[in-house]
Amino acid sequence: MSIWFLALWTWPGCADRTAEAEATDGIAAPWATRRLTREQLRYTVLDVLNVDVSPHLDTLPPEVRAEGFTNTDIALVATADHVEGWSELATWVAAAWDAEAWLAERSTCDDPTDACTLDLTESMVTDLFRRPATADEVARLAPLWSVATDEALGVEGGLRLVVEVALQSPGFLYHIEDETFDRDGRRQVTGDALANRLSYLVWQSAPDAELSRAARAGELDTVEGRRQAVDRLLADPDRARRATDRFARDWLALDGLLGLRRDDVGPGVTEALHEAAVRSWHHHLWTRAASVYDVLDSTEVVIDDRLADWYAVDPPEGWSVLSTAGLDLPRTGLLTWPGVLASTADRDVGGIVARGLFIREHLFCEHELEPPADLNLSEFRTHLGADATERDYSDDRLARVECAGCHTQFDPLAYGLVPYDGVGRYDPTVRADGWVPDPDGDLTYADAEGLGAILATSDGVRECLTRKHLQFALGRALEPHDDDAVAAIHTTARAAGGTWPDLIRAIVAHPTFVTVGEEAP
Amino acid sequence: MTSFRLDRRDVLRGLGSIAIALPFIEGLSTPARAATADPPVRCITMFFGLGIPKDMQAEGWDGPLGPLFRHRQKLRMFRNVQMPEAGGSGHPKGGTCVFVGEGGPSGERSAGASLDQVVKRAVYPDGVPTPHGTLAAGTFFRRSHGTYQRIRCWNPDGSRVVEPIEAPSELFTRLFGTETEAPDPAAQRALRLKRSVLDSVLGEYRHYTQDRAGLSAASRTRLQDHLDRLRELERRIFGGSLGDCERPTMGEDPDLPYGFAGATEYNAVQVDADAFSEAYQLNASLFALALQCDLTRFGNLMFESSGGHTAFRGEYAHDQGTYTFRSEASDHNNWHESRWEDVRWHAQWFQHNLAMALDRLDDPAFPDENGGTVLDNALVVIGTETGTNHNMNGVFHAVGGGNGRFALGAFDDSEIRAVEIYNTCLQAYDLDTFMGSESHYRGPVSDLLA
């Protein structure tokens with residue numbers, strides 16, 4: 001069953017922003033260096049130096065969720081706050097890091113005036129920059145050893161200076177690649193740069209020694225080589241979940257729940273909404289090893305006692321898996337997860353509009369719609385009286401020619417979610433039937449589970465999920481010239497089963513992951 | 001009842017609750033600058049959230065614009081600004097369009113550089129010779145919905161230039177930095193080491209911003225921006241950061257939930273109105289000081305975020321009496337629920353605070369070389385995000401300063417567009433550059449030019 005809509009439906013007054021496809025070379029998109037996210041920095045320092053910077057991460061500003069994800073390159077700028085924060089963080093890490101243990105494993109160098117300090121610099125820079133240090137880099141940092149001598153810091157103190165500098169340098173903070181293009185204006189990403197792309201996709205962190213070895217041996221330059229490497233990375237149970245954690249928190253805007261304060265729920269509930277959504281996502285992807293595309297009608301969630309009332313069940317002990325099949329209330333599928341309901345209600349425009357737009361933009365990957373610039377919204381918010389319901393206001397919008405053009409496209413998508421309030425609690429007395437617009441005939445549903453069932457079988461929604469994963473993998477907004485890549489990756493991933501590993505394998509196997517086009521003039 | 005009539009000299013003498021927070025002002029000295037022909041080019045934007053209904057703007061000095069009366073000769077106030085270049089209604093569109101001249105592709109980035117950044121790059125292509133390239137400060141508590149809520153200074157690529165600082169103490173530290181004279185040997189040693197570290201870090205960025213580093217122009221640009229921020233950090237830490245002033249002392253911050261991450265329609269943050277005002281006034285004072293001491297020449301000052309959801313507690317004393325804030329509802333929800341009297345008094349209270357901020361910019365105790373104040377000489381553009389309830393009809397703007405370039409002292413009710421105001425400002429400074437939406441630009445606002 002295909003559900004295609006919206007690009008063909010342009011009504012007067014609807015501020016449509018359909019992007020026009022540009023004539024490009026398709027898969028070889030431009031690329032520019034981008035910095036590590038705050039989270040990637042945390043994981044990298046943990047994995048390379050075994051230092052946990054979590055308690056000090058607030059010295060850095062929170063990441064901006066641009067185009068739906070916090071790793072979108074356009075938002076990864078270095079503000080004055082970042083520069084100051086990196087400086088403070090580097091000082092702290094250099095002091096906290098166990099230099100003695102590191103030196104004990106690698107060196108007998110015991111005098112900062114000895115030439116062996118150059119080897120220490122080379123070794124540390126190689127680790128932190130995720131590729132072999134160059135002679136120039138070692139030479140540029142050599143004066144730090146003179147400082148160590150002058151200040152009587154010893155070898156350990158000198159090495160801490162090297163760490164402090166390296167943690168603030170472009171080689172650490174940024175993904176640096178050799179951006180030399182061939183005569184056709186393309187370059188293939190290989191070697192350490194490719195290892196970095198793979199490890200930061202799956203582990204959100206630096207490559208390990210084996211991945212670096214494979215990269216330098218050219219083993220990642222083949223599709224099969226990348227697939228094997230990715231399989232090994234995915235087999236690490238802790239590190240592999242970092243990416244799925246970040247993907248869900250970005251795609252579903254879950255982190256907005258962490259600042260939510262409600263007086264009508266018990267203590268810790270808003271945190272529980274967040275954690276339950278993330279755990280349920282991981283349960284679906286990793287424990288059940290289910291297809292990403294099936295999450296919309298998934299029949300299992302993970303909850304704790306704080307959310308027992310949401311499901312009308314006895315409070316479980318600790319975090320527990322709950323089967324939603326057979327419950328007396330509609331709780332099947334991602335759209336009924338309380339955390340998702342709470343995050344999608346977190347908008348100015350109310351439940352139906354906010355959730356309808358969420359489904360349109362994040363499950364169908366349709367472009368944003370905006371009200372016309374001259375519309376006075378106050379005329380449409382209170383005129384039906386205090387007893388009017390959200391559904392009444394939606395019916396009113398659909399009856400107005402100035403509103404219907406846009407609102408028919410997404411209001412009905414959210415009718416099934418109206419019974420769930422701003423923290424995802426269910427009210428059975430509220431009407432929940434609706435329809436999914438379709439040019440071939442609207443697809444009706446009775447409640448949220450019916451809505452989820454329709455969306456779960458939609459080719460459009462499935463391909464949108466693939467698109468979201470590719471966007472996350474590439475760290476940039478997708479353009480029309482990426483459509484072929486999306487289609488190809490989607491075909492491959494679906495045929496393989498549609499699990500998270502299937503998607504990642506399909507992405508890294510596709511040329512768009514390893515080919516860069518020269519920047520447009 | 002707390003009076004919001006702030007007089008800086010009264011505050012210095014210790015009157016009122018504000019005095020506790022502002023003793024640092026006493027530490028200032030009048031800057032002594034080398035005589036130059038013209039004051040430096042400066043551009044600051046002043047933003048207030050949520051807009052003013054167009055019919056209330058039309059009331060002139062009898063309406064919410066009343067507090068600006070004492071600055072009437074130094075402003076040109078535009079009451080019929082249309083902003084179709086926003087590309088739609090609502091806060092993400094308006095919030096990314098104000099001071100840019102075109103709505104952003106999303107609420108997370110703009111369509112181009114903001115006015116202050118356009119001027120900065122055009123006038124100082126090699127970098128601004130001040131410790132702070134761009135300064136942003138303000139009092140607001142909503143950041144849950146998108147970047148557009150708090151960012152007013154945008155780069156040409158649509159990314160944010162700088163995060164606004166909320167807590168006055170943090171702004172103070174950013175401006176006046178740490179002590180440059182370390183009294184004890186351990187602190188002096190720490191500074192020497194920090195110097196060495198920073199020198200090496202700067203060397204790394206200089207290497208990567210060179211052509212031979214093997215990076216694309218776009219990559220080098222990003223690293224060049226980073227290098228510029230590092231140089232600013234260097235100036236702050238290692239002296240020369242005070243411009244033309246001596247380092248003052250700082251009191252305590254007003255009691256506010258700085259950094260609060262939430263604030264949504266369903267979860268408005270409740271704050272004491274007096275504290276909110278105090279924090280803004282302190283930030284405005286510091287911002288004005290930064291300009292007067294030549295610590296910065298570009299940036300933004302913000303009162304309430306774009307689409308803010310703040311529920312105020314307390315009262316606003318005005319010429320006609322007292323307004324008691326409706327603490328159970330946010331300022332934003334007053335619009336959604338058409339509570340127009342509440343909208344009126346909130347809007348007037350917002351302008352009351354802006355007027356006090358303008359007082360600081362217009363302080364004759366800190367004259368430029370030509371005898372004018374910062375408000376006389378800098379390019380000052382006041383703007384908001386929406387017009388008559390979330391739409392782009394009547395998006396209040398005002399232009400001030402310009403050192404004689406502008407025809408000030410008037411209400412302007414001609415139907416103009418924000419992008420036309422911004423580009424007219426550029427033309428007034430003979431800057432051969434265009435900003436914002438070309439398709440929505442019909443020509444300069446000729447009446448704005450002197």
Side-chain angles (χ1 to χ4, degrees), chain A residues 15 17 30-34 61-62 64-67 74-75 77-84 87 90-91 136 140-141 143-144 147 151 161 164-165 168-171 174 176 178-180 256 258-262 345-348 368 370-378 381-382 422 518-519, chain B residues 83-84 86-91 93 106 108-109 132 144-147 155 157-163 189 192-193 196-197 200-201 203-205 207-208 214-219 222-223 225-226 229-230 232-233 260-262 264-267 307 332 335-338 388-393:
Chain A
R17 296 191 304 108
W31 180 95
T33 186
R34 72 282 309 270
V64 167
R65 192 169 156 262
E67 313 295 340
I74 190 67
V77 296
T79 67
D81 304 278
H82 285 96
V83 168
E84 196 150 345
S87 174
T91 303
D136 278 349
R140 286 199 301 270
L141 298 182
L144 292 173
V147 174
E151 300 287 351
L161 289 179
E164 190 174 348
V165 169
Q168 298 176 70
S169 298
Y174 289 82
I176 302 286
D178 180 355
E179 298 183 66
T180 305
L258 297 176
L260 192 64
R261 291 190 316 203
R262 296 280 296 235
D346 193 22
R347 298 273 291 267
D348 279 350
E368 287 185 37
E370 301 290 346
D374 59 351
L375 192 67
N376 183 345
L377 291 185
S378 66
R381 299 260 180 139
T382 56
E518 192 164 11
E519 186 180 9
Chain B
M83 214 156 71
S89 291
H91 303 287
K93 284 299 178 186
S106 73
E108 300 300 339
R109 59 188 171 114
H132 306 274
S144 59
H145 192 224
T147 311
N155 284 314
D157 66 0
S159 61
R160 65 196 191 282
V161 175
V162 64
E163 287 284 339
R189 188 199 204 206
R192 287 197 303 272
L193 292 174
S196 298
V197 166
S200 288
V201 173
E204 291 302 296
Y205 283 90
H207 167 77
Y208 279 99
L215 302 182
S216 67
S219 293
R222 289 182 179 175
L223 295 179
D225 285 345
H226 190 136
R229 302 291 85 73
L230 274 170
E232 291 169 14
L233 177 68
F260 177 66
T264 70
E265 183 176 19
Y266 305 98
N267 190 37
H332 194 154
W335 291 82
H336 283 189
E337 294 169 22
S338 303
T388 302
N389 201 357
H390 293 85
N391 70 16
M392 300 298 145
N393 176 20

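First the proteins, then the strands, lettered A, B, ... as listed; each starts at 1.
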Take B:H390 and B:K93, measure what side-chain contact (heavy atoms from CB on, under 4.5 Å) needs, and give me the verdict at the end. CA-CA 10 Å; B:H390 293 85; B:K93 284 299 178 186; over 6 Å; no
What part of A:V77 lies closer than 4.5 angstrom to a heavy atom of chain B: side chain, backbone, both or neither? side chain
Under a 4.5 Å heavy-atom cut-off, does chain A meet the side chain of B:Y208, its backbone, both or neither? side chain
Engaged part of A:P62 at the chain B interface, taking heavy atoms whose separation is under 4.5 Å: backbone
Turns out that what part of A:V147 lies under 4.5 Å from chain B's heavy atoms comes down to side chain
Does the B:N155 side chain pair with the main chain of B:D157, one donor and one acceptor, at a distance under 3.5 Å? no
Validation row: A:P170, B:H226 side chains within 4.5 angstrom (heavy atoms): no
At a heavy-atom distance under 4.5 Å, which candidate from A:E84, A:R34, A:E151 has the highest pair count against chain B? A:E151
Heavy-atom pairs under 4.5 Å with chain A - which of B:T147, B:V162, B:L223 has more of them than the others? B:L223
Shortest non-hydrogen contact between A:A32 and B:A218, atoms and distance: CB-CB, 3.8 Å
Can you tell me how far the CD atom of B:E108 sits from the CD atom of A:E67, to the nearest 0.5 Å? 8.5 Å
For B:R229, the salt bridge (charged side-chain N to carboxylate O under 4.0 Å, His left out) test, sequence neighbours excluded, returns B:E232
Tell me which of these, B:G203, B:S200, B:P84, B:G158, has more heavy-atom pairs under 4.5 Å with chain A than the rest. B:S200
Please classify the contact between A:I74 and chain B as side chain, backbone, both or neither, with a heavy-atom cut-off of under 4.5 Å. both
Could you grab the distance from atom CZ of A:R140 to atom CD of B:E204, nearest 0.5 Å is fine? 4.0 Å
Residue from B:M392, B:M83, B:R160, B:E163 scoring the most non-hydrogen pairs under 4.5 Å with chain A is B:R160
So, do B:S196 and A:L161 sit near enough that their side-chain heavy atoms are less than 4.5 Å apart? no
Looking at chain A, which one of B:L230, B:D225, B:L215 has the largest number of heavy-atom pairs inside 4.5 Å, strictly under? B:L215
Return the option, out of B:L193, B:V161, B:N393, B:V197, with the maximum number of heavy-atom pairs under 4.5 Å with chain A. B:V197
